[in-house]
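First comes the structure, then the notes that go with it.
If you're wondering where the values come from, they're calculated on a predicted model, not measured in any experiment.
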Amino acid sequence: MRIVISNQSGKPIYEQIEDQVKTAILAGQLKANEQLPSIRSLAKDLRISVITTTRAYHELEAAGFITNVQGKGAYVLGQDSALVRENALRDIEASLNQAIDTAKMAKITPAELHTMLDTLLQAEGEADHDN
């Protein structure tokens, strides 16, 4: 498992770890029951605080992606696809609500929001075709 940390991303380091582990699990790069690096070894490899890796692992456990077995380490949990989809829908809804709130403050119309979303989706589709 390879995790890349960016100081310029604007996201806390623990969230960057959490997001990358979630992505690897959902993409099938990390399989159910696979052991993750220990908190200490991950902290050492990334040259970050043990507190930061501990927080990332706790967040992943709370979200149902991993389980911590006392004295043995952290392991990937099998993912229920309906639960994963529901969590994704909840995250998307929260992000869209935040975008709507920002748009209201900036007096951006619903039509302009739709155009922005359509443009972003189209650009994403074109990027997928390039790969």
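- Going from atom OH of Tyr75 over to atom CD1 of Ile66 covers 11.5 Å, rounded to the nearest 0.5 Å.
- Minimum heavy-atom separation, Lys107 to Glu112: O-OE1, 4.2 Å.
- For the atom pair CG of Leu121 and CD of Glu124, the computed distance is 8.0 Å after rounding to the nearest 0.5 Å.
- Considering only heavy atoms from C-beta on, Leu46 stays 4.5 Å or farther from Thr52 through its side chain.
- Minimum interatomic distance between Arg2 and Gln20 (heavy atoms only, all atoms of both residues): O-OE1, 4.0 Å.
- Closest heavy-atom contact between Ala56 and Tyr14: CB-O, 3.5 Å.
- Using a distance-only test at 3.5 Å, with no hydrogens or angles considered, a donor-acceptor pair links the side chain of Gln35 to the main chain of Lys72.
- Here the options are Leu77, Val76, Asn33, Leu60, the test is side chain to side chain contact (heavy atoms under 4.5 Å, CB included), and the partner is Thr67; only Leu77 passes.
- In this structure, Glu15 CD and Lys22 NZ are separated by 8.5 Å, a value rounded to the nearest 0.5 Å.
- Side-chain contact check for Asp45 versus Ile3: every heavy-atom pair is 4.5 Å or farther apart.
- Remark: Leu96 CG to Asp91 CG distance equals 11.0 Å, nearest 0.5 Å.
- In this structure, CG in Asn7 is found 5.5 Å from CD1 in Ile13, a value given to the nearest 0.5 Å.
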Steps toward side-chain contact (heavy atoms from CB on, under 4.5 Å) verdict (Asn68, Tyr57): CA-CA 8 Å; Asn68 284 302; Tyr57 277 26; 4.3 Å; yes
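- Within a 6.0 Å sphere centred on CG of Asp118, other residues, nucleotides and ligands contribute more than 12 heavy atoms.
- The NZ atom of Lys11 sits 11.0 Å away from atom CD1 of Ile5, with the distance rounded to the nearest 0.5 Å.
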Salt bridge (charged side-chain N to carboxylate O under 4.0 Å, His left out) assessment of Arg90 paired with Glu86: CA-CA 6 Å; Arg90 188 181 67 234; Glu86 188 59 36; over 6 Å; no
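- The side-chain heavy atoms of Ile100 and Lys104, taken from C-beta on, include a pair separated by under 4.5 Å.
- Under the 4.5 Å side-chain heavy-atom criterion for Ile, Leu, Val, Met, Phe, Trp and Tyr, Leu113 and Leu117 are members of distinct hydrophobic clusters.
- Residues Glu18 and Glu59 approach most closely at OE1-CB, 3.4 Å, considering heavy atoms.
- The environment of CD1 in Ile51 is sparse: at most 12 heavy-atom neighbours from other residues, nucleotides or ligands sit within 6.0 Å.
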